[in-house]
Amino acid sequence: MIKITLPDGAVREYQEGVTGLEIAKSISEGLARNVIAAKVNGEVWDATRGIYADATVQLLTWNDKEGKSTFWHSSAHLMAEALEALYPGIKFGTGPAIEAGFYYDVDLGDFSFSQEDFQRVEEKMLELAKQKNPYVRSEVSKKDAIEFFTEKGDPYKLELISRLEDGSITFYKQGAFTDLCKGPHIPDTSYIKAVKLLNVAGAYWNKDQNNKMLTRIYGITFPKQKELDEYLHLLEEAKKRDHRKLGKELELFAFSEKVGMGLPLWLPKGAMLRDRLENFLKRTQVKMGYSPVVTPHIGSKQLYITSGHWEKYGKDSFQPIHTPDDGEEFLLKPMNCPHHCEIYKTKPRSYKELPIRFAEFGTVYRYEQSGELHGLTRVRGFTQDDAHIFCRPDQVKEEFCKVIDLVLYVLKSLSFDNYTAQISLRDLENPTKYIGDSAQWDAAEQAIREAAQEKGLQTVEVPGEAAFYGPKLDFMVKDALGRQWQLGTIQVDYQLPQRFELEYIGADNQKHRPVMIHRAPFGSLERFIAVLTEHCAGNFPLWLSPEQIAVLPISEKYESYAQQVFDTLQQYDIRGIFDNRDEKIGRKIRDAEVKKIPYMIIVGEKEQLDNKIAVRKHGQGDIGSMSVNDFIKLFEEEINNMLRRTL
RNA sequence: GCCGACGUAGCUCAGAGGUAGAGCACUUCCUUGGUAAGGAAGAGGUCGAGAGUUCAAUUCUCUUCGUCGGCUCCA
C-alpha cells in the first residue's frame with residue numbers, strides 16, 4: 001500500500017500502481033468523470049498512469065489551467081491523427097497547447113492546406129474522438145525511437161529525438177497515431193466533444209528564419225459544444241474592440257497607401273485624444289523634476305555610429321539621407337537617446353546637479369519589417385514619451401524606483417490593472433547580440449530586480465528580451481485578441497554614457513561616468529492609444545474623450561438657447577459637438593451614442609423655459625435635468641474623481 | 001522579410017467571362033419632431049495598380065502595391 005496526500009491534507013491509502021483516475025473514483029463518480037490529469041508531486045501526469053510510491057496528488061479537471069493545457073495538448077495529437085489520415089505522408093514538427101487552444105506544425109509536402117479544408121479536418125477529428133481511443137504512454141529506447149521515425153520518414157521528429165537523452169524518451173499513441181511526446185494526456189479521445197480550427201499560418205522550424213517554413217494549424221477544443229459556442233462568441237466580441245476597427249469608426253486615425261505603410265495619420269479626434277494624453281504626462285513630469293528638451297527628427301550618421309545603433313540596426317533601417325553637396329549622411333532618428341546624450345555634453349556637469357532628467361515626446365522612425373506592421377501597435381513612425389535620466393551610480397536604484405512609481409501612476413490613471421511587469425534579460429546563450437561587459441550587465445540586472453522588489457512588483461523574468469545595451473523592466477499589456485504588447489519600459493544603461501564619454505565631476509574633484517536610465521511610461525503614444533482604445537472599447541475616460549458632450553436641440557426653435565448652452569460649456573473647456581441637423585431628437589441621440597460621446601445635452605421647450613438642460617449619459621440614458629452650472633460641477637467632479645483615485 | 005488568405009462606392013458587404021448592386025453615410029426637398037435610425041428624390045465606383053490569355057476581363061493567369069492571420073524581428 002502507498003499513502004496519497006490530497007490537496008485538503010487528507011491522506012488515503014491505495015494499492016501500489018493506483019492511477020489518478022482510480023483515486024478520483026474512490027472519492028466520487030462525478031469527480032472521476034471530470035478528471036483529465038493528475039498532478040503527482042507537483043508534476044502533471046496522465047490520470048491513467050500508475051503511482052508506485054507515496055505521493056501528494058492533485059486531481060486536475062477542465063477548470064484547472066493545467067487541465068486545460070493537457071486537454072489541448074491531447075487535442076493537438078487528435079488533430080495530427082486526423083491530418084495524417086487525410087493527408088498521408090505528411091511530416092510533423094511540434095504541437096503544443098497554447099494559452100487558448102493548441103497548434104501543430106506540419107510539413108504538408110505536396111499537399112496544400114487552407115481555411116477551406118478546416119471543416120473536413122474538424123469532422124475527422126470528431127469522428128476519431130468518438131472512437132474513444134485511449135492515449136497510451138510507452139517508454140522507448142532512443143534506438144527504437146530513431147528506428148520508428150526513420151521508418152516513418154519524419155526528419156523533424158528525428159531531430160527532436162537527437163536532442164533527447166536515452167532513457168527519457170516516451171511515445172504516446174492514440175488510435176492510429178503515434179507521437180514522440182513527454183505527455184501528459186487525457187485518458188481518451190472521447191473527452192473532446194467540440195472542435196474548431198482557427199487559422200493557418202507559416203512558422204519556421206525551430207523558430208529559425210533560416211529553416212524551412214512549416215504550416216502551423218491552430219485550433220481549439222472543448223469538452224462541451226456550449227463552451228465552444230461561448231468562446232467563439234467571445235472572439236467575435238473581442239474583434240469589435242479591435243483598435244483598427246474602432247479607430248476607423250471613431251475617426252481617430254487612418255493610413256494611406258500614398259503616405260506609406262505603417263505611417264499613421266492622426267485625424268482631428270485622434271489628435272485631440274493624443275494631445276490630452278501628452279499634456280497629462282507633461283504636467284506630471286514637470287512635477288517630478290523632468291526638464292523638457294526638443295531635438296530634431298534627423299541626426300548625423302556619425303551620431304549612431306557612436307551609439308552603436310548603426311552597427312546593430314543600420315542595414316535594416318531607413319537608409320541615410322544624403323546631402324546634395326558634400327556627401328554627408330543623416331538618419332531619420334530611430335531613437336532619442338543619442339541626441340539627449342549630446343545635450344548632456346553641452347557643458348561640464350557636477351555631481352551636485354545629478355540626476356538630470358531630459359524629457360521629450362520624440363517622434364522616431366524605424367523600418368519595421370513589412371509583415372510586422374499592425375495597426376497602431378507596430379508602425380514605422382511613432383512618438384515616444386521618452387526621457388533619459390543621467391545619474392550617479394549610487395542614485396540608480398532610487399531613480400529607477402521613482403520611474404516605477406510614474407509608470408504605475410500612468411497605468412492606474414487609465415485603469416490598466418492587468419499588466420505584467422517583465423524583467424527582460426539578455427540571452428546568455430547568445431552573448432554576441434549584446435554590447436558591454438558582463439559585470440555591468442550584472443549590475444544593471446541587479447538594480448532592476450532590487451527596484452522592482454522594493455516597489456513590491458510581481459515580475460516575470462524573460463531571458464533574451466533585453467535591449468542590446470542593457471536589461472529592461474517592461475510593462476506588458478494584452479490587446480483585445482490576447483496579443484501581448486510592450487507599453488511602458490525602463491532601462492538601465494551603462495553603455496551609452498561610455499560610448500558618448502559622458503562625465504561629471506564628483507565630490508572628489510575627479511571625473512566620473514554617469515549611468516543612464518531610459519524610460520517611457522506610455523512606450524509610444526501610438527501603441528498606448530491602440531491598447532487603451534481596446535481596453536475601454538472606445539469609451540474613453542471623460543477627461544480624454546475627444547468629444548465630451550453633444551448638445552442636441554429638440555428642434556431648430558431652440559437652437560439659439562442650445563447654442564448659448566454650448567458656448568458656456570466651451571468656456572469651461574468642455575468640448576464637443578453641436579448637432580443642429582434637421583433631424584429628430586431620437587436620431588441625434590442615436591448618432592451621439594454610436595459615437596460614444598459621454599454626455600448628451602438635450603434642450604427643448606421645457607429646458608429653455610426653466611433655464612436648464614436635460615442630461616443623458618452614454619450607455620446609461622436620461623439622468624435628469626439640471627442647470628448648466630450643476631452639469632459643469634458634475635462634469636468636473638467626474639474628472640477629478642477619476643484622477644484623484646490614483647493619488 | 002517568410003507562409004497563407006483577401007482587396008468591388010466614404011463605411012459594411014453582395015455579385016458575375018459580355019464594361020456593376022444593397023444598406024448606412026453624403027446632397028436636395030418635405031417634415032419642427034422629447035431620449036438609440038421620420039419620408040422622398042439625387043449623386044457617387046476605369047471593381048487596388050500593371051501586364052498577359054480572350055472577340056470580350058472587374059471576373060481567368062502572372063507581376064506589383066496594400067490589408068488581414070501567423071512566423072521571424074522589435075533600439
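Naming convention: chains lettered A, B, ... in sequence-line order (proteins, then strands); numbering from 1 in each chain.
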Near-strand residues of residues 609-620 of chain A, defined as heavy-atom separation under 4.0 angstrom from RNA chain B:
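When residues 609-620 of chain A is checked for heavy atoms under 4.0 Å from RNA chain B, the hits, listed by number, are A/A614, A/R616.
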
Can you pull out the residues from residues 233-256 of chain A that lie within a 4.0 Å heavy-atom distance of RNA chain B?
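Residues of residues 233-256 of chain A that come under 4.0 Å of RNA chain B are, in numerical order, A/R244, A/K248.
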
Within the structure, does a side-chain N or O atom of [X] lie under 4.0 Å from either OP1 or OP2 of [N]?
{"X": "A/R527", "N": "B/C74", "result": "no"}
{"X": "A/T215", "N": "B/C3", "result": "no"}
{"X": "A/Y204", "N": "B/C2", "result": "no"}
{"X": "A/H374", "N": "B/G70", "result": "no"}
{"X": "A/K258", "N": "B/C65", "result": "no"}

With respect to the side chain of [X], which nucleotide from [options] is positioned closest?
{"X": "A/S317", "options": "B/A75, B/A36, B/C3", "value": "B/A75"}
{"X": "A/F468", "options": "B/G70, B/C2, B/A75", "value": "B/A75"}
{"X": "A/Y469", "options": "B/G1, B/A75, B/A36", "value": "B/A75"}
{"X": "A/I602", "options": "B/G1, B/A75, B/G34", "value": "B/G34"}
{"X": "A/Y218", "options": "B/A75, B/C71, B/A36", "value": "B/C71"}
{"X": "A/K584", "options": "B/G66, B/U35, B/G33", "value": "B/G33"}

4.5 Å side-chain heavy-atom contact, A/F318 and A/R366:
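A side-chain contact is absent here, since even the closest heavy-atom pair is not under 4.5 Å.
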
Is there a side-chain contact between A/R519 and A/Q491 in this structure, where contact means two heavy atoms from C-beta onward sitting under 4.5 Å apart?
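Answer no - side chains too far apart.
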
Where the side chain of A/S307 meets the backbone of A/H309, is there a donor-acceptor pair that is under 3.5 Å apart?
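Yes, the answer is positive, given that a donor and an acceptor are paired below the 3.5 Å cut-off.
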
Backbone of A/Y599 reached by a side-chain donor or acceptor of A/Q548 within 3.5 Å:
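No, A/Q548 side chain to A/Y599 backbone: no donor-acceptor pair under 3.5 Å.
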
What distance, rounded to whole Å, do you find between the two P atoms, one in B/A49 and one in B/U54?
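Taking atom P in both B/A49 and B/U54, they lie 23 Å apart.
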
Would A/R380 pass as a cation-pi partner of A/F255, given that its NZ or CZ must be under 6.0 Å from the six-membered ring centre and within 45 degrees of the axis?
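Negative - A/R380 is either too far from the ring of A/F255 or too far off its axis.
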
Would you kindly check if the NZ (Lys) or CZ (Arg) of A/R426 is within the cone defined by 45 degrees around the ring axis of A/Y434 and under 6.0 Å from the six-membered ring centre?
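Not flagged: A/R426 not positioned over aromatic ring of A/Y434.
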
Give a yes or no on this: more than 12 heavy atoms of other residues, nucleotides or ligands lie within 6.0 Å of atom CD of A/E159.
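Enclosed.
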
Counting only heavy atoms from other residues, nucleotides and ligands, does the tally under 6.0 Å from CG of A/N430 exceed 12?
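Enclosed: over 12 neighbouring heavy atoms sit under 6.0 Å from CG of A/N430.
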
Thinking salt bridges, do [X] and [Y] make one under a 4.0 Å N-O criterion?
{"X": "A/K596", "Y": "A/E547", "answer": "no"}
{"X": "A/E399", "Y": "A/R357", "answer": "yes"}
{"X": "A/K91", "Y": "A/D154", "answer": "no"}
{"X": "A/E236", "Y": "A/K239", "answer": "yes"}

What does [X] touch in the nucleic acid at a heavy-atom separation under 4.0 angstrom: a base, only the sugar-phosphate, or nothing?
{"X": "A/I585", "value": "sugar-phosphate"}
{"X": "A/Q486", "value": "nothing"}
{"X": "A/R380", "value": "nothing"}
{"X": "A/G621", "value": "nothing"}
{"X": "A/Y103", "value": "nothing"}
{"X": "A/E593", "value": "base"}
{"X": "A/M261", "value": "sugar-phosphate"}
{"X": "A/A201", "value": "base"}

Measure from [atom1] on [X] to [atom2] on [N] and round the result to the nearest Å.
{"X": "A/I490", "N": "B/A75", "atom1": "CD1", "atom2": "C1'", "result": "17 Å"}
{"X": "A/D427", "N": "B/C73", "atom1": "CG", "atom2": "P", "result": "10 Å"}
{"X": "A/D208", "N": "B/C2", "atom1": "CG", "atom2": "C1'", "result": "12 Å"}
{"X": "A/K588", "N": "B/G38", "atom1": "NZ", "atom2": "P", "result": "12 Å"}
{"X": "A/E583", "N": "B/C26", "atom1": "CD", "atom2": "C1'", "result": "12 Å"}

Go through the N and O atoms of the side chain of [X] and the base of [N], and report whether any donor-acceptor pair is under 3.5 Å.
{"X": "A/Y558", "N": "B/G33", "result": "no"}
{"X": "A/R378", "N": "B/C73", "result": "yes"}
{"X": "A/E607", "N": "B/G34", "result": "yes"}

I need the single residue from A/D479, A/D474, A/T377 that forms a side-chain hydrogen bond (donor to acceptor under 3.5 Å, both in side chains) with A/W485. Which is it?
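That would be A/D479.
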
Strand RNA chain B as a dot-bracket string - pairs counted if Watson-Crick or G-U with both distances under 3.5 Å, | where the partner lies in another strand
(((((((..((((....[..)))).(((((.......))))).....(((((..]....))))))))))))....

